[in-house]
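The figures here come from the full heavy-atom set of this structure, side chains too, leaving out hydrogens, waters and symmetry mates.
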Amino acid sequence: MKTKVLRELPMSNDLSLKDVPAWRVKKWTFGIDELLRDPLGREQFAKFLETEFSGENLRFWIASQELKASPMKMMQQKTRQIWEDFLSADAPCPINIDSRVMDETRKHMETAGRYAFDAAEDHIHELMKTDSYPRFLKSEQYKELLSPKKKTKSLIPKLSTLASRSDVDK
């Protein structure tokens, strides 16, 4: 059974962006791992990476993380799928890793274990940490999430709304 390439990350619908507390967004500045642990942070980072044409990095990293949590009976299939999706010569979403990391990953593919992609995963994580993550924190997208205007609009009702509510109460 062949699975489809993870071209997009599933988006969280539990919170509207206007309802996200600023402390939660500010927590993402503690480090990339803090950002990646938060489903909303991961979602926003994924959107940012897509604008930079590097969304495959996060999708690969997530696939590698999911592989580690997979049952042993799925290891060979999942390992092969990740290779085909991100590392093979004709991968639909190729990641950019150097030849040393590629050789090491290719060697580990022989065992098709849960840690087969560790070298490539570490390389991509470091790339996101030193390149994409700092740009994300400086982006307009991130600044909008912290915007007090956004919070004010969602927390303070319009006067016309208050007036109409008082008429209903009478």
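Atoms NE2 and CE, on H123 and M128 in that order, are 11.0 Å from each other to the nearest 0.5 Å. Rounded to the nearest 0.5 angstrom, T111 OG1 and Q76 CD are separated by 10.0 Å. Here NZ of K78 is found 14.0 Å from NZ of K68. Values are rounded to the nearest 0.5 Å. For the atom pair L58 CG and L36 CG, the distance stands at 6.0 Å (nearest 0.5 Å). Interatomic distance, CG of L127 versus CG of N96, reported as 7.5 Å (0.5 Å rounding). Rounding to the nearest 0.5 angstrom, the gap separating the CD1 atom in I62 from the CD1 atom in I82 is 11.5 Å.
When all heavy atoms of Q44 and Q141 are compared, the pair lying nearest together is O-NE2, 2.8 Å. Residues L137 and Y142 approach most closely at O-CD2, 3.3 Å, considering heavy atoms. Summarising the geometry of E50 relative to G55, their closest heavy-atom pair is OE2-CA, 3.2 Å, with the distance given to 0.1 Å. When all heavy atoms are compared, the tightest approach of E56 to C93 is CB-O, 3.8 Å. In terms of heavy atoms, S70 sits closest to R114 at O-NH1, 2.9 Å. In plain terms, the two heavy atoms of G113 and T79 that are nearest each other are O-OG1, 3.9 Å.
The cluster map of Ile, Leu, Val, Met, Phe, Trp and Tyr, joined by side-chain heavy atoms under 4.5 Å apart, puts L67 and M72 in the same cluster. A continuous path of ILVMFWY side-chain contacts below 4.5 Å connects L146 to F45, so both sit in one hydrophobic cluster.
E34 has a carboxylate O that lies under 4.0 Å from a charged side-chain N of R37, or vice versa, which qualifies the two as a salt bridge. Of the charged side-chain nitrogens involved, none lies within less than 4.0 Å of a carboxylate oxygen, so that D103 and R100 do not count as a salt-bridged pair. Checked for salt-bridge contact, D38 and K27 miss the test: no charged N lies under 4.0 Å from a carboxylate O.
The side chain to side chain donor-acceptor pair (under 3.5 Å) search around K107 returns none, not counting sequence neighbours. For D131, the salt bridge (Lys or Arg N to Asp or Glu O under 4.0 Å) criterion is met by R135, not counting sequence neighbours.
Looking only at atom types and distance, the side chain of N57 has no donor-acceptor partner in the side chain of H125 under 3.5 Å away.
Ring geometry, F86 versus F60: the interplanar angle exceeds 60°, so the pair is classed perpendicular (tilted spans 30 to 60°).
Results of the side chain to side chain contact (heavy atoms under 4.5 Å, CB included) test with F136 over L49, L35, T51, I32 single out L35 as the only residue that passes.
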Item to check | side chain to side chain contact (heavy atoms under 4.5 Å, CB included) evaluation trace for W61 with E121 | outcome: CA-CA 6 Å; W61 184 85; E121 181 185 342; 3.6 Å; yes
